Structures are given as structure tokens and as C-alpha cells.
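Structure first, commentary second.
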Amino acid sequence: MSARILLMAGDGVGDEICREAVRVLNALQKHHGLDIELDSALVGGAAYEAEGDPLPESSLARARAADAILFGAVGGPQWDTLDRPLRPESGLLRLRAELGLFANLRPAILYPQLAHASSLRHDVVAGLNIMIVRELTGGIYFGQPRALSAADGGAREAFNTMRYSEAEIQRIARAGFETAMQRSKRLCSVDKANVLEVSQLWREVVTEVGRDYPEVELSHMYVDNAAMQLVRSPKQFDTLVTGNLFGDILSDIAAMLTGSIGMLPSASLDEQGKGMYEPVHGSAPDIAGQGTVNPLAMILSVAMMLRYSLGRGDLAEKVEHAVGDALNRGLRTRDIMDDERQVASTDEMGGAVADMLQ
Ligand code: IPM
Ligand code: MG
């Protein structure tokens with residue numbers, strides 16, 4: 001039976017990058033026997049405009065029925081003043097929560113061809129290969145209570161709650177250890193245990209789970225230090241595991257080490273390994289519709305989908321090689337270029353990758 005893939009392009013550059021992902025999938029269907037059915041659904045600002053809800057019931061139902069989801073990006077300035085539940089980002093957060101996509105894998109790999117694009121010295125980042133395992137359905141993003149008080153004469157006040165249960169920490173810790181086992185067996189857990197009770201529990205539980213993984217060398221680091229170490233000497237890390245908010249921040253830092261956030265894919269998995277795949281970069285409304293966005297983060301997200309949800313690691317490698325080949329041929333989108341004159345469009349980059357797969 002063919003695997004059902006749901007495309008949720010969303011807003012901003014979402015459409016442009018999803019178009020390139022589809023070209024790659026078409027090439028794999030045509031030339032490599034990939035057996036899939038593609039469907040699409042609205043999400044984010046686009047869904048709000050059409051149906052008044054950033055995650056309409058019908059989109060959620062289709063997401064539940066799919067074997068894997070390819071997600072573009074959501075958000076834009078025109079929706080920033082809506083009530084929070086109506087904003088595009090809320091559609092994404094609800095999708096993650098409703099589908100139980102608690103384990104977010106964000107690899108940061110430096111392609112040797114792009115070493116110049118990093119803002120760090122070449123020797124600091126050459127060969128960089130880090131995996132951040134971010135908890136995605138808990139912590140301060142979802143913790144109750146939360147509120148922004150109305151200004152009824154007095155000074156306004158607002159608060160959120162960073163909350164983790166033991167069970168939530170255990171399952172993401174396991175995901176971290178399992179990931180480390182597939183890599184170089186070093187796991188660094190990032191928290192703020194010197195200040196926060198929630199981090200104290202995090203550290204205790206991660207340490208306990210670690211007893212089941214004697215082969216993995218576990219270390220702990222405070223998040224402020226981890227941010228500093230990531231730019232000071234990032235190659236000391238292999239796999240990192242951390243909570244939702246810290247993971248959000250650290251993954252943007254890790255992205256920039258590789259030269260461009262336009263290169264970074266991600267996978268968000270549930271307990272059965274069903275997944276949603278999305279580039280780490282957002283909707284980039286400032287460049288949307290210009291045909292200049294880098295489609296490689298999205299295309300590399302397709303590769304992660306092939307590997308983690310469709311059991312086609314062989315095709316994932318083909319896609320990753322095709323990306324490397326396109327870079328070897330000198331194709332560079334604006335975000336990774338070193339010379340104005342040779343800038344490739346979104347379409348040229350996506351087309352080059354698809355051509356390599358023939
Ligand atoms: C990310 C994004 C999202 C997040 C936003 C768009 C809600 O920044 O996936 O990293 O904060 O998780
Ligand atoms: Mg983010």
C-alpha cells in the first residue's frame with residue numbers, strides 16, 4: 001500500500017519550498033520506485049484566511065490519517081495582532097500537541113562546501129555534526145496556568161509556567177539516549193538546574209534513564225553555558241537533549257554554525273515514530289514570493305521523512321547525495337552565496353537536486 005504523505009505548505013515561503021519538495025518526491029517516484037500518495041491541507045495564516053482557524057478540523061483529521069507530514073512554515077506580520085489561539089503559530093503548536101510529536105530531531109551538519117558561509121572560523125566548524133533532540137509538546141510552551149492580565153487601571157502582569165512531568169522527561173530522555181546510541185554515544189543534557197526546580201527534576205530523571213544506557217557517556221550543562229560552548233567550540237558536542245524553550249533557542253544557534261538556517265531540516269516524532277518533517281527556518285515573509293528562498297532545508301526534511309517514517313534510508317541517502325552534488329556544482333541560493341553573480345533561484349536549486357535523482 002502506498003504511504004500517504006500530507007503536504008502542509010502554510011505561509012510565506014512555505015509554498016515555494018514545498019513545490020521543490022514535490023519535485024524531489026516525483027523524481028523518486030518516477031526513477032526509484034517510491035510508492036506514495038500526496039495530499040495537501042491548509043494550515044497557519046492561509047487556513048485562518050480560508051476558514052478562520054489556523055488548524056481547521058479537516059486539516060487535523062487529514063494529518064492524523066497521513067503516514068507522514070511535510071510541513072512548510074507558518075506566520076506573517078499580518079496575523080501578529082490576532083488573538084493568540086488564532087495566530088498561525090498556534091496552528092503549528094496544536095498540530096504538534098494533537099499528534100503527540102514530542103521528539104524533535106534537529107541535526108546541524110556543516111557541508112564542507114559551505115564552510116565559508118559560517119560566521120565562525122573554519123577550524124572551529126569544519127566537520128561539524130550535531131544532533132539536537134528537543135522536547136516539543138511540553139515545558140513553558142504548553143504549561144498551565146498562563147495569562148496576560150487585562151489592563152484594568154493597574155499595571156499589567158503576565159506569566160507562563162515551565163512544567164514537566166517525570167513521564168515527559170523520561171520519554172524525551174529515552175529519545176536522546178537512543179539517538180546518541182546511533183551516533184557517537186555521547187549525550188549532553190541541557191538545563192538550568194542551578195535555578196529552576198523543573199530543571200532539577202529534568203537532571204535527576206535524565207540521570208536515572210541513563211542507567212539503562214551504560215554505553216552512553218552522559219554529561220549535563222547549564223543552558224547559558226551551552227549557548228556559549230556552541231559558539232566557542234561546537235565540535236565538543238555530539239547529541240544534545242533539552243526542553244522545549246531551550247531547544248528552540250539552541251537549535252537556532254546550531255543552525256547558524258552551519259552557515260545558514262536555510263540548510264536545516266527537522267523531524268518531529270510521536271511514540272510510534274510517526275512524524276512531521278519541517279525546515280527549521282520559518283516563513284520568512286520578507287523574501288516570500290521572490291523565488292530566492294533556499295529549498296534545501298525542506299528537501300533535507302524529505303530525506304529525514306524517507307529515513308524515519310518510510311523506512312527508505314536508501315532513498316534518504318540518495319537525496320542527501322543529490323544535495324551535496326548540487327552544492328559541488330556551485331549552486332548557491334542567496335543565503336549561502338559568496339558571490340552575487342552566481343546566485344541560484346529556488347527553482348534552479350530544487351531542479352538541480354531533482355535532476356540528480358534521475
Ligand atoms: C521552531 C519555531 C516555532 C517554535 C514557532 C514558529 C512556534 O521557532 O520550530 O523552532 O518556537 O517552536
Ligand atoms: Mg525556533
Side-chain angles (χ1 to χ4, degrees), residues 8-14 17-18 43-48 53-55 59 63 69-108 130-143 146 160-162 164 168 172 175 190 223 226-227 230 240-258 260-270 275-288 293-294 297-298 300-301 304-305 335:
M8 301 182 100
D11 310 317
V13 297
I17 56 177
C18 279
V43 72
Y48 170 78
D53 181 349
L55 182 63
S59 295
I69 300 157
L70 279 175
F71 191 96
V74 290
Q78 64 272 50
W79 301 298
D80 281 350
T81 49
L82 289 174
D83 280 351
R84 193 160 290 281
L86 297 178
R87 290 191 203 170
E89 290 80 2
S90 299
L92 171 59
L93 294 175
R94 257 170 57 211
L95 193 56
R96 289 172 177 171
E98 291 280 350
L99 298 183
L101 305 171
F102 73 98
N104 184 212
L105 308 186
R106 299 191 159 185
I130 295 176
M131 178 71 90
I132 296 182
V133 180
R134 169 190 176 194
E135 200 291 325
L136 203 59
T137 53
I140 198 166
Y141 272 54
F142 294 94
R146 59 190 293 163
N160 293 85
T161 306
M162 194 186 279
Y164 271 118
E168 283 176 302
I172 193 66
V190 176
V223 63
L230 271 173
L240 292 134
V241 63
T242 190
N244 206 341
L245 179 63
F246 299 158
D248 179 47
I249 298 165
L250 295 181
S251 59
D252 268 26
I253 299 182
M256 208 52 225
L257 301 176
T258 71
S260 172
I261 200 167
M263 293 296 297
L264 263 72
S266 79
S268 306
L269 306 174
D270 74 2
M276 176 160 97
Y277 300 84
E278 63 179 301
V280 171
H281 65 73
S283 56
D286 53 322
I287 59 162
V293 61
N294 185 347
M298 186 80 231
L300 291 167
S301 298
M304 288 188 93
M305 176 182 82
D335 55 311

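Hydrogens, waters and symmetry mates play no part in the numbers below; they use all other heavy atoms, side chains included. None of these values were measured; they are calculated from a predicted model. All ligand and atom numbering here is 1-based and tracks the order in the structure.
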Pick from Glu89, Arg87, Arg96: the one approaching atom 12 (O) of ligand 1 most closely through a non-hydrogen atom: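 Looking at heavy atoms only, the winner is Arg96.
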
Looking only at heavy atoms, what is the nearest atom pair of Leu105 and Pro107, with distance?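 The pair with the smallest heavy-atom distance is O-CD, 3.5 Å.
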
Identify the two heavy atoms, one from Tyr164 and one from Gly243, that lie closest to each other, and give their separation to 0.1 Å.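 Heavy-atom minimum between the residues: OH-CA, 3.6 Å.
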
Could a heavy atom of Arg134 be found less than 4.0 Å from some atom of ligand 1?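 Right, Arg134 reaches ligand 1.
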
Of all residues at least two apart in sequence or in a different chain, which pass the side-chain contact (heavy atoms from CB on, under 4.5 Å) check with [X]?
{"X": "Leu93", "result": "Arg96, Tyr141, Phe142"}
{"X": "Ile249", "result": "Leu245"}
{"X": "Arg94", "result": "Asp53, Leu55"}

Nearest-contact summary for [atom] - protein heavy atom, Å:
{"atom": "atom 1 (C) of ligand 1", "answer": "Arg106 NH2, 3.4 Å"}
{"atom": "atom 11 (O) of ligand 1", "answer": "Tyr141 OH, 2.5 Å"}
{"atom": "atom 10 (O) of ligand 1", "answer": "Asp248 OD1, 2.9 Å"}

Please determine whether the number of non-hydrogen atoms from other residues, nucleotides or ligands lying under 6.0 Å from atom OH of Tyr48 exceeds 12.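 Counting other residues, nucleotides and ligands, OH of Tyr48 stays at 12 neighbours or fewer.
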
Evaluate the 4.0 Å heavy atom contact test for atom 5 (C) of ligand 1: does a protein atom fall under the cut-off? no

Expected output: side-chain Ser90 to main-chain Leu86 donor-acceptor under 3.5 Å: no

For Gly45, does its backbone N or O pair with a side-chain atom of Asp11 as donor and acceptor, under 3.5 Å? yes

Decide yes or no for Glu278 and Ser268: does some side-chain heavy atom of the first lie under 4.5 Å from some side-chain heavy atom of the second? yes

Just to be sure I understand the site: which N, O or S atoms from the protein are less than 2.8 Å away from the Mg ion (ligand 2)? Asp248 OD1

